[in-house]
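In what follows, a structure is listed as structure tokens, so that the remarks can point back to it.
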Amino acid sequence: MSHAPVLLVIAHGSRDPRHAATVHSLVERVRSLRPGLRVETGFLDFNIPSVQGVLESLAAEGVRDVVALPLLLTRAFHAKADIPAVLRDAPRSLRIRQADVLGPSPLLLSALQRRLYEAGLTPADKSSTGVVLASAGSTDPEAIAVIAAIAREWRHTGWCAVRPAFASASLPRTEDAVRALRALGCEKVAVAPYVLAPGFLPDRIARGAVAADADVLADVLGAAPEVARVVLERYAQASMRVPAALGA
């Protein structure tokens, strides 16, 4: 029987050292859930090792099969352009399948809820609490539509209301969404960052939550166990596919 493909987790990278530290913590959790699976990490920018460097090392070792998994919550520019471009430049000896991005997934909603409860909410607060689903933002209409759809779906699980907000590229901002939920009559307002790791835009989300006097600010998703399970789900789905002709 052939070996399982190597899982290459592709992270964006950041000048903020908390970003890489969080990515590595998440990857460690993935490894703990699948001890026999080889998991590598590569960054598109700012951090090492680079995706290209990891791919070249794997090829030099004689690895043949790789599942490249974008550590992204939406199918925006990086998933559609940057990552395929990097993978096209991979050594020819590698058979690479690109996995889907992590979101949307019911497990991610569970992780968001976990973070809100860790920040002080309880299940009894749901019906009186409005939630701001605060994402990094994107110029990609598909990514924006997905965030809005997640907010609508999450509203149906019992919250007073759920509103999307964006730290960049689109509106409303976190602080405006907090105020809108207050105006709607929600007794409490909580901000749930729909982001994977700390950094510049998550800090902007946090500042907006503080500026508008939100009652609760949850932590980023980070190495939540649900996120690690989504990574393994996407890996399993991609492993079943025929490797694409990335150079085509």
Side-chain angles (χ1 to χ4, degrees), residues 3-34 37-103 135-140 143 167-169 195-203 220-223 227-228 230-232 234-239 241 243-248:
H3 290 292
V6 171
L7 169 55
L8 171 58
V9 172
I10 299 179
H12 184 273
S14 170
R15 290 187 181 90
D16 188 321
R18 296 173 299 166
H19 172 90
T22 303
V23 169
H24 290 309
S25 295
L26 175 58
V27 168
E28 280 306 315
R29 192 178 282 273
V30 171
R31 289 189 182 116
S32 73
L33 291 176
R34 281 285 301 274
L37 177 64
R38 180 170 178 184
V39 188
E40 300 289 344
T41 309
F43 295 90
L44 288 173
D45 212 347
F46 303 117
N47 302 102
I48 54 173
S50 68
V51 176
Q52 190 67 28
V54 175
L55 291 169
E56 286 170 4
S57 295
L58 290 172
E61 275 182 47
V63 168
R64 293 298 303 277
D65 289 290
V66 176
V67 167
L69 187 143
L71 204 60
L72 300 167
L73 294 171
T74 56
R75 257 182 56 74
F77 180 78
H78 295 299
K80 293 177 178 178
D82 285 6
I83 291 172
V86 172
L87 297 180
R88 275 195 295 272
D89 287 339
R92 294 289 120 203
S93 60
L94 294 174
R95 291 188 295 246
I96 302 176
R97 301 161 174 88
Q98 183 175 333
D100 294 333
V101 295
L102 301 183
S135 82
S138 173
T139 54
D140 188 305
S168 68
V195 291
L196 285 167
F200 176 73
L201 293 176
D203 283 351
V220 297
L221 292 170
V227 179
V230 179
V231 168
L232 288 171
R234 298 290 179 256
Y235 168 81
Q237 291 160 355
S239 297
R241 296 184 198 137
L246 291 164

Which residues pass the salt bridge (charged side-chain N to carboxylate O under 4.0 Å, His left out) test with [X], sequence neighbours left out?
{"X": "Arg31", "value": "Glu28"}
{"X": "Asp203", "value": "Arg18"}
{"X": "Glu56", "value": "none"}

How close do [X] and [Y] get, heavy atom to heavy atom, and via which atoms?
{"X": "Pro198", "Y": "Thr22", "result": "CD-OG1, 3.2 Å"}
{"X": "Asn47", "Y": "Ser14", "result": "OD1-N, 2.8 Å"}
{"X": "Gly42", "Y": "Val54", "result": "CA-CG2, 4.2 Å"}
{"X": "Leu196", "Y": "Leu71", "result": "CD1-O, 3.4 Å"}
{"X": "Ala99", "Y": "Pro70", "result": "O-CD, 3.2 Å"}
{"X": "Gly222", "Y": "Leu26", "result": "O-CD1, 3.9 Å"}

Tell me every residue that passes side-chain contact (heavy atoms from CB on, under 4.5 Å) with [X], counting only those two or more places apart in sequence or in another chain.
{"X": "Ala167", "result": "Leu201, Arg204, Ile205"}
{"X": "Ser239", "result": "Pro5, Val67, Tyr235"}
{"X": "Leu33", "result": "Ala228, Arg229, Leu232"}

Arg234: partners by side-chain hydrogen bond (donor to acceptor under 3.5 Å, both in side chains), with sequence neighbours left out: Gln237
Residues in side-chain hydrogen bond (donor to acceptor under 3.5 Å, both in side chains) with Asp100, at least two apart? Arg241
Can you tell me how far CG of Leu221 sits from CG of Leu102, rounded to the nearest 0.5 angstrom? 9.5 Å
Spacing of Thr41 atom OG1 and Ile48 atom CD1 [to the nearest 0.5 Å]: 12.5 Å
For Leu72, run the side-chain contact (heavy atoms from CB on, under 4.5 Å) check against Val101, Ile10, Asp82 and tell me which one passes. Val101
If you look only at pairs with a residue in residues 43-70, which of them pass as a ring-ring contact (aromatic ring centres under 6.0 Å, His included), with sequence neighbours excluded?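 Only His24-Phe43 qualify under ring-ring contact (aromatic ring centres under 6.0 Å, His included).
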Taking Val6's backbone N and O only, do any of them form a donor-acceptor pair with Glu40's side chain (distance below 3.5 Å, no angle check)?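 Not at all, since once roles are kept as given, no pair shorter than 3.5 Å links the two residues.
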Atom pairs and distances, side-chain donor-acceptor, residues 58-66, under 3.5 Å, sequence neighbours left out:
unit_1 : atom_1 : unit_2 : atom_2 : d
Glu61  : OE1    : Arg38  : NH1    : 2.8
Glu61  : OE1    : Arg38  : NH2    : 3.4
Glu61  : OE2    : Arg38  : NH2    : 2.9
Arg64  : NE     : Ser93  : O      : 3.1
Asp65  : OD1    : Arg95  : NE     : 2.8
Asp65  : OD1    : Arg97  : NH1    : 3.4
Asp65  : OD2    : Arg95  : NH2    : 2.7

Do Val231 and Val27 have side-chain heavy atoms sitting under 4.5 Å apart? no
